[in-house]
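For reference, the structure discussed in these notes is given below.
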There are 2 protein chains.
Amino acid sequence: MSQTRLSNTSRAILGILSTGPLSGYDIKAFADSSVRHFWAVSYGQLYPELKALAAAGLVAAEAQPRGFRRRTVYSLTETGRAALADWLAEPIAGGHELRDELLLKLFFSDPVSPSHLQTLLRQMRRRHEEAAADLTDQQEKLGPRAGALRQAVSRFGGEYHRFRADWCTRLLAEIQGEARR
Amino acid sequence: MSQTRLSNTSRAILGILSTGPLSGYDIKAFADSSVRHFWAVSYGQLYPELKALAAAGLVAAEAQPRGFRRRTVYSLTETGRAALADWLAEPIAGGHELRDELLLKLFFSDPVSPSHLQTLLRQMRRRHEEAAADLTDQQEKLGPRAGALRQAVSRFGGEYHRFRADWCTRLLAEIQGEARR
DNA sequence: GGTACCATGTAACTCGTTACATGATTGT
DNA sequence: ACAATCATGTAACGAGTTACATGGTACC
């Protein structure tokens with residue numbers, strides 16, 4: 001009942017556990033194959049958070065060693081499930097802050113040579129294309145049996161990266177036009 | 001010459017100062033009216049960073065009080081200008097990490113009632129529309145005399161928020177379809 | 001015997017926000 | 001007088017990453 005404010009990563013953990021008990025390692029694997037594109041989770045945060053969640057009574061820890069390899073499996077408690085539901089019911093808290101190094105850099109890149117900008121933008125485009133492909137894969141793996149919103153979010157990811165890749169293409173075209181003058 | 005790694009916020013400061021000397025307060029004002037949509041700057045970071053940049057010799061501080069109100073104006077040094085150029089010349093460092101509370105929430109929202117989802121999505125759409133409008137304003141203020149990339153980045157901001165607003169609309173339609181069944 | 005994967009953790013660090021504090025100046 | 005704005009800062013906190021450390025197990 002100690003109403004310690006949850007971090008979003010904790011909520012992600014609760015969300016992941018809502019489908020069933022998992023070990024820390026498995027939570028990480030799940031996160032890496034699902035939410036990592038918009039909410040990455042690292043071990044360095046995961047394990048301490050799990051302990052904190054257990055201490056707060058939101059998850060229950062059970063030792064389930066495999067052979068001599070220790071292993072702790074976590075499952076949602078009723079309070080944990082309630083905390084997750086509370087969060088989902090809340091309106092979105094703050095403003096969608098965005099930290100985008102590429103945009104920051106581009107904003108100050110007017111004095112930079114067009115050829116270097118081209119390299120930069122092609123590189124970015126490449127990355128977004130890769131991310132988009134990755135998400136399309138993921139979407140297929142999810143399959144049609146996944147929840148509608150999970151699908152929608154995954155689809156959004158793909159569209160988002162494609163959107164940015166396209167923007168790179170358009171900007172490249174502009175720069176070429178400029179360079180020809 | 002003490003090659004202390006620069007934070008992106010420091011680079012933003014250098015970028016802002018590249019157009020001319022400014023006080024901390026003015027840097028903040030400039031940032032708020034330009035880069036804040038993709039790189040927000042707070043006083044709590046700004047002033048300490050300015051001191052650090054001055055200590056590292058990347059900016060020069062000059063006391064320019066107005067009456068009895070103290071005021072320090074910072075300007076780029078040659079090393080500072082070089083550091084900025086170095087950064088602009090570098091390829092983009094890491095992968096565009098994204099932290100998006102809305103997507104995280106939606107990903108786990110399949111069990112949530114459609115009516116609540118509608119409220120959530122409408123709220124988000126509203127915010128994106130506001131942000132888009134704000135950026136369109138900014139773009140006009142920038143005018144046609146601003147650098148091509150500054151314009152492009154500002155334009156991207158608008159398109160980005162519009163893109164997300166549209167996505168909300170599409171998702172809302174899907175949810176309604178679902179709810180009617 | 002080696003490599004890959006399973007499994008768990010910690011310490012140091014970076015970046016950034018929030019909340020507070022202080023005081024001058026300008027305009028109503 | 002008061003509010004708004006100019007101007008500068010600091011302390012405490014929060015979230016997250018990185019690098020490291022440790023060891024079991026499975027398979028070739």
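Naming: A, B, ... by sequence-line order, numbering from 1 per chain.
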Protein and nucleotides 3-6 of chain D: nitrogen or oxygen contacts under 3.5 angstrom:
unit_1: D:dC6; atom_1: OP2; unit_2: B:Tyr25; atom_2: OH; d: 2.3
unit_1: D:dC6; atom_1: O5'; unit_2: B:Tyr25; atom_2: OH; d: 3.3
unit_1: D:dC6; atom_1: O3'; unit_2: B:Arg69; atom_2: NH1; d: 3.2
unit_1: D:dC6; atom_1: O2; unit_2: B:Arg69; atom_2: NE; d: 3.3

Can you measure [X] atom [atom1] to [N] atom [atom2] for me and round it to whole angstrom units?
X: B:Glu62; N: D:dA7; atom1: CD; atom2: C1'; answer: 17 Å
X: A:Arg11; N: D:dG14; atom1: CZ; atom2: P; answer: 14 Å
X: A:Leu46; N: D:dA15; atom1: CG; atom2: P; answer: 15 Å
X: A:Asp32; N: C:dA7; atom1: CG; atom2: P; answer: 15 Å
X: B:Glu101; N: D:dG16; atom1: CD; atom2: P; answer: 10 Å
X: A:Leu22; N: C:dT8; atom1: CG; atom2: C1'; answer: 15 Å
X: B:Arg70; N: C:dT22; atom1: CZ; atom2: P; answer: 13 Å
X: A:Tyr43; N: C:dC5; atom1: OH; atom2: C1'; answer: 10 Å

What are the atom names and distances for every N/O pair under 3.5 Å that joins the protein to nucleotides 13-17 of chain C?
unit_1: C:dG16; atom_1: OP2; unit_2: B:Thr9; atom_2: OG1; d: 2.9
unit_1: C:dG16; atom_1: OP2; unit_2: B:Gln45; atom_2: NE2; d: 3.0
unit_1: C:dG16; atom_1: O3'; unit_2: A:Arg99; atom_2: NH2; d: 3.1
unit_1: C:dT17; atom_1: OP1; unit_2: A:Arg99; atom_2: NH2; d: 2.8
unit_1: C:dT17; atom_1: OP2; unit_2: B:Ser42; atom_2: OG; d: 2.9

Would you say [X]'s side chain and [Y]'s backbone share a donor-acceptor pair under 3.5 angstrom?
X: A:Asp110; Y: B:Leu149; value: yes
X: B:Ser23; Y: B:Asp26; value: yes
X: A:Ser10; Y: A:Leu6; value: no

As an exercise, state the distance from CD1 of B:Ile13 to CD of B:Gln45, rounded to the nearest 0.5 Å.
7.5 Å
Looking at A:Arg81 and A:Asp86, is any side-chain nitrogen of the basic one under 4.0 Å from a carboxylate oxygen of the acidic one?
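No, no charged N to carboxylate O under 4.0 Å.
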A:Glu174 with B:Arg155: basic N within carboxylate O range, under 4.0 Å:
yes
A:Lys105 and B:Asn8: CA distance, side-chain angles, deciding distance, side chain to side chain contact (heavy atoms under 4.5 Å, CB included) verdict
CA-CA 9 Å; A:Lys105 196 178 261 202; B:Asn8 280 328; over 6 Å; no
Checking all strands, does B:Tyr47 fall into the base, sugar-phosphate, or nothing category for heavy-atom contacts under 4.0 angstrom?
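If one applies the 4.0 Å heavy-atom cut-off, B:Tyr47 turns out to touch a base.
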Considering every strand and a 4.0 Å limit on heavy-atom distances, what is the contact class for B:Lys28: base, sugar-phosphate, or nothing?
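Answer is nothing: B:Lys28 stays at 4.0 Å or more from every strand.
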Choose from C:dA24, C:dT8, D:dT8 the nucleotide whose nearest atom is closest to any side-chain atom of B:Phe68.
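Nearest nucleotide to the side chain: C:dA24.
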Once you measure the plane-to-plane angle for B:Phe156 and A:Trp167, does it fall in the parallel (<30°), tilted (30-60°) or perpendicular (>60°) bin?
tilted
Phosphate OP1/OP2 of D:dT8 contacted by B:Lys51 side-chain N/O (<4.0 Å)
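Answer no for this pair, as no side-chain N or O of B:Lys51 is under 4.0 Å from OP1 or OP2.
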Identify each donor-acceptor pair in which a side-chain atom of residues 62-73 of chain A lies under 3.5 Å from a protein atom, sequence neighbours left out, and give them as a table.
unit_1: A:Glu62; atom_1: OE1; unit_2: A:Gln64; atom_2: NE2; d: 3.4
unit_1: A:Arg71; atom_1: NH1; unit_2: A:Gln64; atom_2: O; d: 3.3

